[in-house]
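First up is the structure itself, then whatever we jot down about it.
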Amino acid sequence: MALDYALLNVFADVPFQGSQIPVVKLDGATVSDEGKMAIAGEFQQTQTVFIEPDNAAAPVSVFSSRGRELFGAHTILAASYVAYEMGLTKDEGSFASFLLKQNDQLIESFIDKGDGAPGPIQFARLLSPTIDRYTPDTPRLAAALNIDEKHTAFSKYKPMVVSVDTPTLIVPFTRPEHVMAASLNHGYWAELSGDVYTSELFLFAPGSITGSSQFHGRLLNPDTPRGAFPPIGSVMPEFIAYLAEQPDIAAGTHTFSIDRGSNDTRKSILHAEFDKKPGREVRCRIGGNVIKIGVGSLLYP
(Lines give C-alpha, C1' and ligand atoms only; values in the text may rest on other atoms or scores of the structure.)
Protein backbone atom coordinates (compact mmCIF):
# COMPACT_ATOMS: atom_id res chain seq x y z
CA MET A 1 0.00 0.00 0.00
CA ALA A 2 1.40 3.39 -1.03
CA LEU A 3 0.77 6.29 1.34
CA ASP A 4 1.36 9.78 -0.03
CA TYR A 5 3.08 12.28 2.17
CA ALA A 6 4.29 15.88 2.10
CA LEU A 7 7.37 17.22 3.85
CA LEU A 8 6.89 20.74 5.20
CA ASN A 9 9.04 23.46 6.74
CA VAL A 10 6.83 25.11 9.37
CA PHE A 11 7.41 28.61 10.79
CA ALA A 12 9.96 29.13 8.03
CA ASP A 13 10.50 32.22 5.90
CA VAL A 14 12.78 30.37 3.46
CA PRO A 15 13.18 26.69 2.53
CA PHE A 16 15.26 24.40 4.75
CA GLN A 17 14.58 26.42 7.88
CA GLY A 18 11.91 26.07 10.56
CA SER A 19 10.54 22.78 11.89
CA GLN A 20 10.48 19.83 9.51
CA ILE A 21 7.10 18.08 9.71
CA PRO A 22 5.96 15.12 7.56
CA VAL A 23 2.21 14.88 6.87
CA VAL A 24 0.92 11.47 5.77
CA LYS A 25 -2.36 11.29 3.85
CA LEU A 26 -4.43 8.26 4.84
CA ASP A 27 -7.03 8.82 2.13
CA GLY A 28 -9.06 5.61 2.22
CA ALA A 29 -6.32 3.71 4.08
CA THR A 30 -6.45 2.43 7.65
CA VAL A 31 -3.30 2.34 9.73
CA SER A 32 -3.20 1.28 13.39
CA ASP A 33 -1.66 3.39 16.12
CA GLU A 34 1.30 1.00 16.16
CA GLY A 35 1.67 1.50 12.41
CA LYS A 36 1.62 5.28 12.83
CA MET A 37 4.33 5.01 15.48
CA ALA A 38 6.44 2.93 13.09
CA ILE A 39 5.95 5.44 10.26
CA ALA A 40 6.85 8.34 12.56
CA GLY A 41 10.00 6.48 13.56
CA GLU A 42 10.89 5.97 9.90
CA PHE A 43 10.73 9.71 9.21
CA GLN A 44 12.92 10.37 12.27
CA GLN A 45 11.41 13.81 12.80
CA THR A 46 10.12 15.21 16.09
CA GLN A 47 6.50 14.44 15.16
CA THR A 48 4.48 13.20 12.18
CA VAL A 49 0.95 14.29 11.26
CA PHE A 50 -1.64 11.87 9.85
CA ILE A 51 -4.75 13.06 7.98
CA GLU A 52 -7.67 10.62 7.65
CA PRO A 53 -10.60 12.26 5.79
CA ASP A 54 -12.85 9.26 6.46
CA ASN A 55 -12.30 9.37 10.23
CA ALA A 56 -14.98 11.83 11.38
CA ALA A 57 -14.10 11.39 15.06
CA ALA A 58 -10.41 12.25 14.65
CA PRO A 59 -9.49 13.28 11.10
CA VAL A 60 -6.06 14.52 12.23
CA SER A 61 -3.66 12.86 14.65
CA VAL A 62 -0.04 13.41 15.65
CA PHE A 63 2.43 10.65 16.46
CA SER A 64 6.05 10.21 17.37
CA SER A 65 7.84 6.88 17.58
CA ARG A 66 6.78 6.81 21.28
CA GLY A 67 3.04 7.14 20.62
CA ARG A 68 0.25 9.67 20.17
CA GLU A 69 1.15 13.30 20.87
CA LEU A 70 -0.84 16.44 21.58
CA PHE A 71 -1.17 19.06 18.86
CA GLY A 72 1.45 21.78 18.92
CA ALA A 73 1.51 24.98 16.91
CA HIS A 74 3.82 23.46 14.29
CA THR A 75 1.66 20.36 13.76
CA ILE A 76 -1.55 22.43 13.62
CA LEU A 77 -0.07 24.56 10.84
CA ALA A 78 1.24 21.51 8.98
CA ALA A 79 -2.13 19.73 9.16
CA SER A 80 -3.97 22.87 8.02
CA TYR A 81 -1.66 23.33 5.04
CA VAL A 82 -2.22 19.81 3.71
CA ALA A 83 -5.94 19.86 4.57
CA TYR A 84 -6.25 22.97 2.38
CA GLU A 85 -4.48 21.18 -0.48
CA MET A 86 -6.79 18.17 -0.06
CA GLY A 87 -9.93 20.31 -0.19
CA LEU A 88 -10.90 19.55 3.41
CA THR A 89 -11.11 23.17 4.56
CA LYS A 90 -14.12 25.47 4.59
CA ASP A 91 -14.13 28.38 2.16
CA GLU A 92 -14.60 31.65 4.07
CA GLY A 93 -14.07 34.04 1.14
CA SER A 94 -10.58 35.54 1.31
CA PHE A 95 -9.42 32.71 3.58
CA ALA A 96 -10.28 29.13 4.50
CA SER A 97 -10.85 27.57 7.90
CA PHE A 98 -10.15 24.11 9.30
CA LEU A 99 -11.38 22.56 12.53
CA LEU A 100 -9.19 20.17 14.51
CA LYS A 101 -10.30 18.08 17.47
CA GLN A 102 -8.16 17.31 20.50
CA ASN A 103 -9.86 15.48 23.35
CA ASP A 104 -12.88 17.70 24.12
CA GLN A 105 -11.32 20.79 22.59
CA LEU A 106 -11.87 22.27 19.13
CA ILE A 107 -9.03 24.22 17.51
CA GLU A 108 -9.85 26.36 14.49
CA SER A 109 -7.20 27.42 12.01
CA PHE A 110 -7.36 30.07 9.30
CA ILE A 111 -5.48 29.74 6.03
CA ASP A 112 -4.84 32.69 3.73
CA LYS A 113 -5.49 31.88 0.10
CA GLY A 114 -2.13 32.22 -1.61
CA ASP A 115 -1.28 32.22 -5.31
CA GLY A 116 -1.87 28.52 -6.00
CA ALA A 117 -0.71 27.44 -2.54
CA PRO A 118 -1.78 28.14 1.04
CA GLY A 119 -0.54 31.46 2.43
CA PRO A 120 0.25 32.25 6.08
CA ILE A 121 -1.70 30.16 8.58
CA GLN A 122 -3.00 31.15 12.00
CA PHE A 123 -5.02 29.36 14.65
CA ALA A 124 -7.00 30.58 17.64
CA ARG A 125 -7.32 29.19 21.15
CA LEU A 126 -8.77 30.07 24.52
CA LEU A 127 -6.34 29.48 27.37
CA SER A 128 -7.27 28.59 30.95
CA PRO A 129 -3.82 28.21 32.49
CA THR A 130 -2.71 27.00 35.88
CA ILE A 131 0.11 29.15 37.30
CA ASP A 132 2.58 28.07 39.97
CA ARG A 133 5.07 30.68 41.15
CA TYR A 134 6.90 28.30 43.45
CA THR A 135 10.10 27.34 41.64
CA PRO A 136 13.65 26.48 42.70
CA ASP A 137 15.80 29.49 43.59
CA THR A 138 18.02 31.13 40.99
CA PRO A 139 21.37 29.59 42.03
CA ARG A 140 19.97 26.06 41.80
CA LEU A 141 18.31 26.73 38.44
CA ALA A 142 21.52 28.24 37.08
CA ALA A 143 23.51 25.20 38.19
CA ALA A 144 20.97 22.84 36.58
CA LEU A 145 21.23 24.76 33.30
CA ASN A 146 25.02 25.09 33.26
CA ILE A 147 24.84 28.89 33.17
CA ASP A 148 26.18 31.80 35.18
CA GLU A 149 23.63 32.88 37.76
CA LYS A 150 23.77 36.50 36.53
CA HIS A 151 22.37 35.46 33.13
CA THR A 152 18.97 34.78 34.67
CA ALA A 153 19.04 36.64 38.01
CA PHE A 154 18.93 40.09 36.37
CA SER A 155 16.01 39.42 34.04
CA LYS A 156 12.90 41.53 34.69
CA TYR A 157 10.88 38.29 34.44
CA LYS A 158 10.71 35.51 37.04
CA PRO A 159 10.51 31.72 36.66
CA MET A 160 7.04 30.15 36.79
CA VAL A 161 5.47 26.77 36.13
CA VAL A 162 2.62 27.28 33.67
CA SER A 163 0.25 24.58 32.48
CA VAL A 164 -2.19 24.79 29.58
CA ASP A 165 -1.54 21.51 27.77
CA THR A 166 1.65 20.40 29.55
CA PRO A 167 3.15 21.76 32.78
CA THR A 168 6.24 23.74 31.75
CA LEU A 169 8.88 25.45 33.86
CA ILE A 170 9.48 28.78 32.11
CA VAL A 171 12.90 30.26 32.88
CA PRO A 172 13.79 33.82 31.77
CA PHE A 173 17.30 34.76 30.67
CA THR A 174 18.86 38.16 30.11
CA ARG A 175 20.12 37.59 26.53
CA PRO A 176 19.32 35.21 23.64
CA GLU A 177 22.90 33.96 23.31
CA HIS A 178 22.76 32.60 26.86
CA VAL A 179 19.60 30.67 25.95
CA MET A 180 21.46 29.17 22.99
CA ALA A 181 24.40 28.17 25.18
CA ALA A 182 22.44 26.57 28.04
CA SER A 183 22.40 22.81 28.58
CA LEU A 184 20.89 20.56 31.20
CA ASN A 185 23.16 19.33 33.96
CA HIS A 186 21.49 16.01 34.71
CA GLY A 187 23.03 15.66 38.16
CA TYR A 188 21.78 19.03 39.39
CA TRP A 189 18.46 18.61 37.61
CA ALA A 190 17.88 15.29 39.37
CA GLU A 191 18.23 17.14 42.69
CA LEU A 192 15.51 19.60 41.60
CA SER A 193 13.07 17.02 40.26
CA GLY A 194 11.39 16.63 43.65
CA ASP A 195 10.64 20.37 43.75
CA VAL A 196 9.34 20.72 40.18
CA TYR A 197 6.50 18.51 38.94
CA THR A 198 7.50 18.77 35.29
CA SER A 199 10.54 17.84 33.22
CA GLU A 200 9.72 20.35 30.46
CA LEU A 201 11.63 23.63 30.50
CA PHE A 202 11.16 26.62 28.25
CA LEU A 203 14.05 29.08 28.25
CA PHE A 204 13.51 32.53 26.80
CA ALA A 205 15.05 35.99 26.65
CA PRO A 206 13.98 39.36 25.32
CA GLY A 207 15.73 40.05 22.02
CA SER A 208 16.38 38.09 18.88
CA ILE A 209 18.93 35.83 17.24
CA THR A 210 17.51 36.49 13.77
CA GLY A 211 17.04 40.23 14.24
CA SER A 212 13.32 40.06 13.48
CA SER A 213 11.53 39.13 16.74
CA GLN A 214 10.92 40.39 20.26
CA PHE A 215 11.87 37.15 22.05
CA HIS A 216 14.10 34.14 21.61
CA GLY A 217 13.07 30.74 23.00
CA ARG A 218 14.29 27.20 23.46
CA LEU A 219 12.61 24.01 24.67
CA LEU A 220 14.65 21.71 26.88
CA ASN A 221 14.05 18.47 28.76
CA PRO A 222 16.19 15.56 30.01
CA ASP A 223 15.79 13.74 26.67
CA THR A 224 16.95 16.70 24.54
CA PRO A 225 20.36 15.96 22.99
CA ARG A 226 23.07 18.46 23.81
CA GLY A 227 23.14 21.26 21.25
CA ALA A 228 19.64 20.44 19.92
CA PHE A 229 16.93 23.05 19.35
CA PRO A 230 13.56 21.25 19.10
CA PRO A 231 10.39 22.99 17.87
CA ILE A 232 8.85 25.38 20.40
CA GLY A 233 5.30 25.50 19.01
CA SER A 234 4.02 23.01 21.58
CA VAL A 235 4.76 25.42 24.46
CA MET A 236 3.42 28.61 22.88
CA PRO A 237 0.13 28.39 24.84
CA GLU A 238 2.13 28.20 28.07
CA PHE A 239 4.42 31.07 27.04
CA ILE A 240 1.51 33.29 26.02
CA ALA A 241 -0.24 32.56 29.33
CA TYR A 242 3.05 33.40 31.10
CA LEU A 243 3.27 36.78 29.37
CA ALA A 244 -0.39 37.55 30.06
CA GLU A 245 0.27 36.88 33.76
CA GLN A 246 2.96 39.58 33.97
CA PRO A 247 1.78 42.55 36.07
CA ASP A 248 3.21 45.12 33.64
CA ILE A 249 1.17 43.72 30.73
CA ALA A 250 -1.92 45.93 30.58
CA ALA A 251 -5.37 44.76 29.57
CA GLY A 252 -5.84 44.80 25.80
CA THR A 253 -4.43 43.13 22.71
CA HIS A 254 -0.71 42.40 22.48
CA THR A 255 1.37 41.10 19.59
CA PHE A 256 4.87 39.64 19.51
CA SER A 257 7.12 37.31 17.57
CA ILE A 258 9.62 34.79 18.88
CA ASP A 259 12.45 33.01 17.13
CA ARG A 260 14.07 29.67 17.80
CA GLY A 261 17.49 28.44 16.75
CA SER A 262 19.75 30.34 14.35
CA ASN A 263 20.58 30.37 10.66
CA ASP A 264 22.87 27.40 11.34
CA THR A 265 20.30 25.46 13.40
CA ARG A 266 17.05 25.73 11.38
CA LYS A 267 15.70 29.03 12.68
CA SER A 268 11.96 29.39 13.20
CA ILE A 269 9.89 32.55 13.58
CA LEU A 270 6.47 32.37 15.25
CA HIS A 271 3.98 35.24 15.38
CA ALA A 272 1.45 35.53 18.19
CA GLU A 273 -1.30 37.80 19.45
CA PHE A 274 -3.26 37.61 22.67
CA ASP A 275 -6.12 39.44 24.37
CA LYS A 276 -5.79 40.08 28.08
CA LYS A 277 -9.01 40.93 29.90
CA PRO A 278 -9.38 40.88 33.71
CA GLY A 279 -11.32 37.86 34.92
CA ARG A 280 -11.51 36.37 31.43
CA GLU A 281 -9.75 33.51 29.68
CA VAL A 282 -6.82 34.51 27.51
CA ARG A 283 -7.70 34.42 23.82
CA CYS A 284 -4.68 33.93 21.59
CA ARG A 285 -3.78 33.56 17.94
CA ILE A 286 -0.57 31.88 16.76
CA GLY A 287 0.65 31.83 13.17
CA GLY A 288 3.43 31.70 10.64
CA ASN A 289 4.53 30.54 7.22
CA VAL A 290 4.66 26.99 5.87
CA ILE A 291 6.82 25.92 2.92
CA LYS A 292 6.42 22.57 1.16
CA ILE A 293 9.82 21.16 0.27
CA GLY A 294 9.02 17.61 -0.77
CA VAL A 295 6.40 15.00 -1.63
CA GLY A 296 6.59 11.24 -1.93
CA SER A 297 5.01 7.85 -1.33
CA LEU A 298 5.69 5.53 1.56
CA LEU A 299 5.27 1.80 0.87
CA TYR A 300 3.42 0.51 3.90
CA PRO A 301 2.87 -3.26 4.23
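Only heavy atoms go into these numbers, but all of them, side chains included; no hydrogens, no water, no symmetry mates. On a predicted model such as this, the values are computed, not experimentally measured, just so you know.
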Pairwise distance CG(Leu270) to OG(Ser268) - rounded to 0.5 angstrom: 6.5 Å
Gln20 vs Leu7 side-chain heavy atoms within contact, under 4.5 Å: yes
Other ILVMFWY residues reachable from Met180 by side-chain steps of under 4.5 Å: Ile209, Phe229
Donor-acceptor contact below 3.5 Å, side chain Arg218 vs main chain Val179: yes
Other residues, nucleotides, ligands: >12 heavy atoms within 6.0 Å of Arg285 CZ: yes
Linked hydrophobic residues, Leu99 as query - side chain contacts closer than 4.5 Å: Leu106
Test log, rule side chain to side chain contact (heavy atoms under 4.5 Å, CB included), inputs Arg68 and Val62: CA-CA 6 Å; Arg68 186 182 293 269; Val62 179; over 6 Å; no
Inter-residue atom distance Ile147.CD1 - Leu203.CG, 0.5 Å rounding: 8.0 Å
same_hphob_cluster(Ile107, Leu77) at 4.5 Å side-chain heavy-atom cutoff: yes
Atom of Ile232, atom of Leu219 and distance for their closest heavy-atom approach: CG2-N, 3.9 Å
All side-chain hydrogen bond (donor to acceptor under 3.5 Å, both in side chains) counterparts of Asp248, not counting sequence neighbours: Lys156
Compile the donor-acceptor pairs under 3.5 Å between side chains in residues 48-57 and protein atoms, sequence neighbours left out, one pair per line.
| from | atom 1 | to | atom 2 | distance (Å) |
| --- | --- | --- | --- | --- |
| Glu52 | OE2 | Lys36 | NZ | 2.6 |
| Asn55 | OD1 | Ala57 | N | 3.3 |
| Asn55 | OD1 | Ala58 | N | 3.1 |
| Asn55 | ND2 | Ala58 | O | 3.2 |

Exercise: identify the closest heavy-atom pair between Ala144 and Tyr188: CA-CB, 3.7 Å
Which atom of Ile76 lies closest to which atom of Ser109, heavy atoms considered: CG2-CB, 4.5 Å
Distance, nearest 0.5 Å, that separates CD1 of Ile240 from CD1 of Ile286: 4.0 Å
Minimum heavy-atom distance between Tyr84 and Pro118, given as atom pair plus value: CD2-CG, 3.3 Å
Pairs satisfying side-chain hydrogen bond (donor to acceptor under 3.5 Å, both in side chains), at least one member in residues 233-247, at least two apart: Arg133-Glu245
Atom pair NZ/CD1 of Lys158 and Ile170 - distance to nearest 0.5 Å: 15.5 Å
Sidechain-backbone polar pair: Arg260 side chain, Arg266 backbone, donor-acceptor under 3.5 Å: yes
Nearest non-hydrogen partners of Phe98 and Leu88, listed with the distance: CD1-O, 3.8 Å
Pairs satisfying ring pair (Phe, Tyr, Trp, His ring centres under 6.0 Å), at least one member in residues 268-293, at least two apart: His254-Phe274
Trace of the side-chain hydrogen bond (donor to acceptor under 3.5 Å, both in side chains) decision for Ser155 with Thr152: CA-CA 6 Å; Ser155 172; Thr152 185; over 6 Å; no
Heavy-atom donor-acceptor pair, Gln122 side chain to Phe110 backbone, under 3.5 Å: no
Side-chain atoms of residues 161-168: list all donor-acceptor pairs with protein atoms under 3.5 Å, sequence neighbours left out, distances to 0.1 Å.
| from | atom 1 | to | atom 2 | distance (Å) |
| --- | --- | --- | --- | --- |
| Asp165 | OD1 | Arg125 | NH2 | 3.0 |
| Asp165 | OD2 | Arg125 | NH1 | 2.8 |
| Thr168 | OG1 | Thr166 | O | 2.9 |

Heavy atoms of other groups near Asp148 CG, more than 12 under 6.0 Å: yes
Exam field: side chain Asp137 to backbone Arg140, donor-acceptor pair closer than 3.5 Å: yes
Donor + acceptor pair across side chains of Glu149, Thr138 (<3.5 Å): no
Glu69/Thr46 under side chain to side chain contact (heavy atoms under 4.5 Å, CB included): CA gap, chis, key distance, verdict: CA-CA 10 Å; Glu69 304 276 353; Thr46 307; over 6 Å; no
Validation row: Leu220, Val171 side chains within 4.5 angstrom (heavy atoms): no
Student check: side-chain heavy atoms of Leu243 and Lys276 closer than 4.5 Å: no
Check: Phe123 ring centroid to Phe71 ring centroid under 6.0 Å: no
Phe256-Leu127 co-clustered via ILVMFWY side chain contacts under 4.5 Å: yes
For Asp264, side-chain hydrogen bond (donor to acceptor under 3.5 Å, both in side chains) partners two or more places apart: none
Check: Thr253 side chain, Asp275 main-chain N or O, donor-acceptor pair, under 3.5 Å: no
Exercise: identify the closest heavy-atom pair between Pro172 and Pro159: CD-N, 3.7 Å
Joint hydrophobic cluster, Leu141 plus Val196, side-chain heavy atoms closer than 4.5 Å: yes
Non-hydrogen side-chain atoms of Tyr81 and Ile111 separated by less than 4.5 Å: no
Connected via hydrophobic side-chain network under 4.5 Å: Leu145 and Phe154: no
Ring geometry between Phe215 and Phe239 (parallel below 30°, tilted from 30 to 60°, perpendicular above 60°): perpendicular
Evaluation steps, side chain to side chain contact (heavy atoms under 4.5 Å, CB included), between Leu3 and Leu26: CA-CA 7 Å; Leu3 304 176; Leu26 302 181; 3.9 Å; yes
NZ on Lys267 to NE2 on His216, rounded to 0.5 Å: 12.5 Å
Lys90: side chain to side chain contact (heavy atoms under 4.5 Å, CB included) partners, not counting sequence neighbours: Glu92, Ser97
Close side-chain approach of Leu100 to Ser80, heavy-atom, < 4.5 Å: yes
Sequence-distant partners of Ser199, side-chain hydrogen bond (donor to acceptor under 3.5 Å, both in side chains), two or more places apart: none
Atom pair CG/CG of Asn289 and Leu8 - distance to nearest 0.5 Å: 12.5 Å
Beyond-backbone contact of Asp13 with Gln17, side-chain heavy atoms, under 4.5 angstrom: no
Non-neighbouring partners of Lys292 that pass salt bridge (Lys or Arg N to Asp or Glu O under 4.0 Å), sequence neighbours left out: Glu85
Residue pairs fulfilling ring pair (Phe, Tyr, Trp, His ring centres under 6.0 Å) with at least one residue in residues 6-47, sequence neighbours excluded: Tyr5-Phe43
Cluster check Met236, Leu126: I/L/V/M/F/W/Y, side chain < 4.5 angstrom: no
Salt bridge Lys113-Asp91, side-chain N to carboxylate O under 4.0 Å: yes
Chi angles and distances behind the side-chain hydrogen bond (donor to acceptor under 3.5 Å, both in side chains) call for Ser257, Gln214: CA-CA 6 Å; Ser257 57; Gln214 287 75 51; 3.1 Å; yes
